[in-house]
Amino acid sequence: MTVVTRFAPSPTGFLHVGGARTALYNWLFARRHGGKFLLRIEDTDTAREVPGAVDQILESLQWLGITADEAPVFQRQRESRHAEVARALVAAGKAYYAYETAEELQAMRERALKEGRPPRYDGAWRDRDPAEAPPGVPGAIRLKVPREGETVIEDLVQGTVRVANSQLDDMIILRSDGRPTYLHAVVVDDHDMGITHVIRGDDHLTNTFRQCQLYDALGWKRPAFAHIPLIHGQDGAKLSKRHGAVSVLEFRDQGYLPEAVANYLLRLGWGHGDIEVIGMAEAAAIFDLADVGRGAARFDYAKLLHLNGVWLRRADDERLVGETLPRLERRLGAAVGADVASRLRALMPGLKERARTLEELADSAVFLAHPIPLPFDPKAEALLTPAACTLLGELINSWQGTVWQPGPLEAAARAFAEARGVRLKDVAMPLRAALTGMTTSPPIFDVAAALGPAETRARIEAAIARAGQIAPGPAAP
RNA sequence: GUCCCGUUCGUCUAGAGGCCUAGGACUCGGCCCUUUCAAGGCCGCAACACGGGUUCGAAUCCCGUACGGGACGCCA
């Protein structure tokens with residue numbers, strides 16, 4: 001049997017991390033078993049549909065690298081099929097028309113709840129003669145479910161789960177306006193699409209009993225089910241906006257890498273020994289539903305941030321340059337030239353080791369793009385004492401003729417410091433301030449090398465001039 | 001209210017009766033490395049929800065309690 005899985009979001013909002021993880025597990029499971037992963041948009045509730053949501057969801061999945069093996073199925077386009085199946089069930093005596101109005105049912109539920117009874121449909125029309133139907137009132141179709149016995153599901157994650165049929169009522173499968181309900185549409189579509197494994201959030205676990213009753217009534221083989229726990233926020237409540245970013249695209253915009261988000265989501269609720277850092281290709285080779293945990297997991301932004309740093313360091317330099325350039329332009333409000341791109345490229349190994357997100361990377365690299373005069377951090381400014389400026393002026397002259405690469409520059413600077421009887425630090429820190437306007441940066445001789453001799457000299461001279469203006473010291477000898 | 005599910009360090013998890021004085025990762029603290037900051041290395045803090053069984057032996061199996069979550073819609 002070829003495995004076929006699906007992800008079936010409703011276009012009522014953006015793809016959040018919970019949905020993304022569900023999609024990821026479905027995708028990985030299909031990959032693992034050489035099967036297919038399909039996409040179905042559950043758009044039967046037109047009232048709740050959000051414009052643009054479908055595109056957002058598709059874009060999110062694509063960014064994460066979760067690709068469907070066929071074009072998406074839109075549930076709304078299958079309404080006639082859903083109605084046909086429901087009516088066939090009536091014809092077979094396995095479903096019936098019920099004529100209560102939505103208001104009557106609502107009142108019935110409220111009364112039951114108030115009296116401490118479970119809010120279930122009483123089955124009034126189950127055995128009534130259809131001839132008694134009130135004229136002019138369109139009926140809804142309800143499934144005639146067994147009242148005795150129990151419904152049992154073998155869940156790949158939750159294990160055996162059973163419920164007494166007396167707990168379940170005759171659910172509506174076709175609304176009075178002829179549109180299917182979710183429960184019905186899902187069963188018909190999953191069957192028609194040949195879905196073999198339904199992997200979804202465990203908020204659907206109790207729905208599964210009713211879906212199984214539908215499968216049984218239709219005489220269709222039930223797919224395997226796997227209900228994965230929901231993702232909660234730091235406080236244990238269902239993850240929501242107030243916990244921070246929740247939509248996949250937000251993480252992208254905040255400078256997270258898709259492989260890091262996927263890695264984090266994979267590990268959230270799934271474990272495989274001690275491995276933490278894992279790429280999706282590797283995951284596809286070892287992913288198993290048996291390793292999915294049963295308890296809800298809390299979303300930990302700190303761990304995601306750490307993981308993103310790990311993937312950032314592993315990422316290809318050229319790719320990171322491509323990601324950083326537009327972010328630099330956004331910060332400067334201007335286009336950056338080829339000289340900046342080449343500086344960025346040269347310094348990327350040192351830069352990416354110090355950043356955890358693309359945003360941090362851009363923040364730490366923006367000094368490369370700033371025109372002289374550089375903006376100065378107060379702490380950097382404080383380093384440019386008259387004595388330090390004197391040293392810097394001498395250093396740049398001593399570099400005359402030095403091969404403009406990190407190693408030779410550092411060697412020359414060390415020799416220079418020793419000759420002056422100062423520590424390397426006393427030269428390096430003012431140099432860092434002059435070259436970057438900051439007190440932290442990649443190794444400063446790497447920075448000087450990336451900047452090139454002309455820019456390095458210009459920045460040092462500008463820093464000396466600036467220091468002279470702000471705190472005029474003794475006249476230069 | 002009824003039904004269903006869950007519960008190992010603060011967080012994500014490893015653990016399938018003896019390998020557990022419970023391992024890894026994140027966070028936090030300390031040290032080392034070091035031109036800064038990171039990265040890296042080393043060390044440390046920190047958990048089997050509770051109570052009963054079963055067993056020579058239980059984090060692992062069973063029952064109950066507590067707590068948490070989910071579902072009960074002509075929403076998905």
Side-chain angles (χ1 to χ4, degrees), chain A residues 8-12 42-45 47-48 75 98 100-102 105-106 109 112-120 138-142 155 158-159 161-164 166-169 171-177 179-183 185-186 201-210 227 229-230 232 234 236-238 264 267-277 291 293-307 309-310 313 350-356 364 383 410 413-414 417 423-433 436 438-445:
Chain A
S10 61
T12 51
E42 313 230 306
D43 54 356
T44 51
D45 187 359
R48 290 210 307 151
Q75 198 160 53
E100 292 85 359
T101 64
L105 292 170
Q106 178 68 24
R109 265 193 303 275
L113 241 19
K114 195 149 49 171
E115 292 167 13
R117 289 180 292 113
R120 287 196 278 267
I141 297 180
R142 283 182 182 270
D155 192 277
Q158 306 291 342
V161 186
R162 53 183 68 216
V163 70
S166 60
Q167 297 295 328
L168 274 14
D169 62 2
M171 61 176 160
I172 290 175
I173 56 176
L174 202 71
R175 292 179 247 255
S176 47
D177 64 3
R179 290 159 52 232
T181 57
Y182 161 77
L183 254 12
V186 165
D202 74 3
D203 49 337
H204 287 290
L205 183 59
T206 49
N207 284 332
T208 307
F209 296 123
R210 322 185 79 102
H227 287 91
L230 266 19
H232 289 170
Q234 226 106 50
K238 205 166 171 176
Y264 178 70
R267 279 288 288 105
L268 193 61
W270 173 89
H272 189 84
D274 285 340
I275 59 171
E276 298 283 348
V277 180
D291 295 327
R294 270 131 305 192
R298 299 186 186 205
F299 198 93
D300 185 357
Y301 291 90
K303 188 152 184 176
L304 170 60
L305 190 59
H306 169 263
L307 219 35
V310 171
R313 269 174 260 130
L351 248 15
K352 70 179 181 183
E353 195 173 306
R354 291 164 173 75
R356 292 173 300 179
S364 69
L383 288 171
E410 176 173 351
R414 282 186 187 277
R423 295 168 301 178
L424 180 61
K425 177 186 185 144
D426 300 324
V427 176
M429 282 311 286
L431 180 62
R432 172 168 287 112
T436 69
M438 305 182 294
T439 51
T440 65
S441 80
I444 198 58
F445 304 110

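Labels below follow one simple rule: chain letters A, B, ... track the order of the sequence lines, proteins then strands, and each chain is numbered from 1.
- From A/Arg210, atom CZ reaches atom CD of A/Gln167 across 10.5 Å, with rounding to the nearest 0.5 Å.
- When Watson-Crick and G-U wobble pairs are counted only if both distances are under 3.5 Å, B/G51 pairs with B/C63.
- Between A/Trp270 and A/Glu42, the one whose closest nucleotide on RNA chain B sits nearer the 5' end is A/Trp270.
- Rounded to the nearest Å, the gap between the P atom of B/G18 and that of B/G1 is 41 Å.
- Counting heavy atoms from C-beta outward, A/His232 and A/Leu230 have side chains that approach closer than 4.5 Å.
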Filtered N/O pairs between nucleotides 28-36 of chain B and protein, under 3.5 Å:
residue : atom : partner  : partner atom : Å
B/U35   : OP1  : A/Arg414 : NH2          : 2.9
B/U35   : O2   : A/Arg432 : NH1          : 3.2
B/U35   : O2   : A/Arg432 : NH2          : 2.9
B/U36   : O2'  : A/Thr439 : O            : 3.0
B/U36   : N1   : A/Arg432 : NH1          : 3.4
B/U36   : O2   : A/Arg432 : NE           : 3.4
B/U36   : O2   : A/Ser441 : N            : 2.8
B/U36   : O2   : A/Ser441 : O            : 3.1
B/U36   : N3   : A/Arg432 : NH2          : 3.0
B/U36   : N3   : A/Ser441 : O            : 2.6
B/U36   : O4   : A/Pro443 : N            : 3.2

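- B/G40: Watson-Crick or G-U partner is B/C32, with both key distances under 3.5 Å.
- The CG-P distance, from A/Asp169 to B/C3, rounds to 15 Å in whole Å.
- A/Asp203 has its CG atom 17 Å from the P atom of B/C75, to the nearest Å.
- Each of A/Arg142 and A/Ala355 was matched to the nucleotide of RNA chain B holding its nearest heavy atom; the match closer to the 5' end belongs to A/Ala355.
- A/Ser441 and A/Arg432 share a donor-acceptor pair across their side chains, judged by distance under 3.5 Å alone.
- Atom-to-atom, NE2 of A/His232 to P of B/C12 comes out at 11 Å; the value is rounded to the nearest Å.
- Nucleotides B/A46 and B/G6, compared at atom P, are 31 Å apart to the nearest Å.
- Look at CZ on A/Arg120: it is 9 Å from P on B/C3, rounded to the nearest Å.
- Looking at the side chain of A/Ala297, the nearest of the listed nucleotides B/G70, B/A76, B/U13 is B/U13.
- As judged by a 4.0 angstrom heavy-atom cut-off over every strand, A/Gly269 is placed among residues touching the sugar-phosphate backbone only.
- With a cut-off of 3.5 Å on both pairing distances, the Watson-Crick or G-U wobble partner of B/A25 is B/U11.
- In this entry B/C19 has no Watson-Crick or G-U wobble partner, no candidate having both defining distances under 3.5 Å.
- At whole-Å resolution of the value, CG in A/Asp274 and P in B/A22 are 16 Å apart.
- Scanning all heavy atoms of the two residues, the minimum distance from A/Thr44 to A/Pro180 falls at CG2-CG, 4.4 Å.
- Going from atom CZ of A/Arg313 over to atom CG of A/Leu351 covers 13.5 Å, rounded to the nearest 0.5 Å.
- The environment of CZ in A/Arg120 is crowded: more than 12 heavy-atom neighbours from other residues, nucleotides or ligands sit within 6.0 Å.
- Residue-level contact check: A/Leu268 touches the backbone only, with heavy atoms under 4.0 Å from sugar-phosphate atoms and none from bases.
- For the residue pair A/Thr181 and A/Ile172, the shortest heavy atom distance occurs at OG1-O, 2.9 Å.
- An OP1 or OP2 oxygen of B/A76 is reached within less than 4.0 angstrom by a side-chain nitrogen or oxygen of A/Thr44.
- At the heavy-atom level, A/His204 lies under 4.0 Å from base atoms of the strands shown.
- Heavy atoms of A/Glu100 sit under 4.0 angstrom from at least one base atom.
- A/Glu276 comes within contact range of at least one nucleobase, with a heavy-atom separation under 4.0 Å.
- Side-chain contact between A/Lys303 and A/Glu276 is present, with at least one heavy-atom pair separated by less than 4.5 Å.
- Heavy-atom contacts from other residues, nucleotides or ligands closer than 6.0 Å to CZ of A/Arg356 number 12 or fewer.
- As rounded to whole Å, 15 Å separates atom C1' of B/U13 from atom NE2 of A/His306.
- The phosphate of B/C74 (OP1 or OP2) has a side-chain N or O of A/Arg109 nearer than 4.0 angstrom.
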Expected rows: protein N/O vs nucleotides 4-6 of chain B N/O, under 3.5 Å:
residue : atom : partner  : partner atom : Å
B/C5    : O3'  : A/Gln158 : OE1          : 3.4
B/C5    : O2'  : A/Gln158 : OE1          : 3.1

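- A/Asn207 comes within contact range of at least one nucleobase, with a heavy-atom separation under 4.0 Å.
- Counting all heavy atoms, side chain and backbone alike, A/Ile275 lies closest to A/His272 at CG1-O, 3.1 Å.
- Note on A/Leu230: only backbone sugar-phosphate atoms sit closer than 4.0 angstrom, heavy atoms only; bases stay farther off.
- Nucleotide B/G68 forms a pair with B/C5, judged by Watson-Crick or G-U wobble geometry with both contacts under 3.5 Å.
- If you take atom C1' in B/C67 and the same atom in B/C50, they sit 10 Å apart, rounded to whole Å.
- Taking atom C1' in both B/G15 and B/G64, one finds a spacing of 25 Å when rounded to whole Å.
- The side chain of A/Arg175 places an N or O atom within less than 4.0 Å of a non-bridging phosphate oxygen (OP1 or OP2) of B/A76.
- When rounded to the nearest whole Å, the span between CD of A/Gln234 and P of B/C12 equals 9 Å.
- OP1 or OP2 of B/G40 lies within a sub-4.0 Å distance of a side-chain N or O belonging to A/Arg313.
- Judged by Watson-Crick or G-U wobble contacts below 3.5 Å, the nucleotide B/G73 has no partner.
- Distance check on atom C1': B/U60 versus B/G68 gives 22 Å, rounded to whole Å.
- Contact between A/His227 and A/Asp155 at its shortest, heavy atoms only, is ND1-OD2, 2.6 Å.
- Distance, A/Arg267 CZ to B/A25 P: 11 Å, rounded to whole Å.
- Taking atom C1' in both B/G17 and B/G53, the straight-line distance is 15 Å, to the nearest Å.
- Comparing the same atom, C1', in B/C26 and in B/G44 gives a spacing of 16 Å after rounding to whole Å.
- Between B/U13 and B/U55, the two C1' atoms lie 29 Å apart (nearest whole Å).
- Annotation for A/Ala112 and A/Pro119: closest pair CB-CA, 4.0 Å, computed over non-hydrogen atoms.
- What you find for A/Pro229 and A/Asp202 is that their closest heavy atoms are CA-OD2, 3.5 Å.
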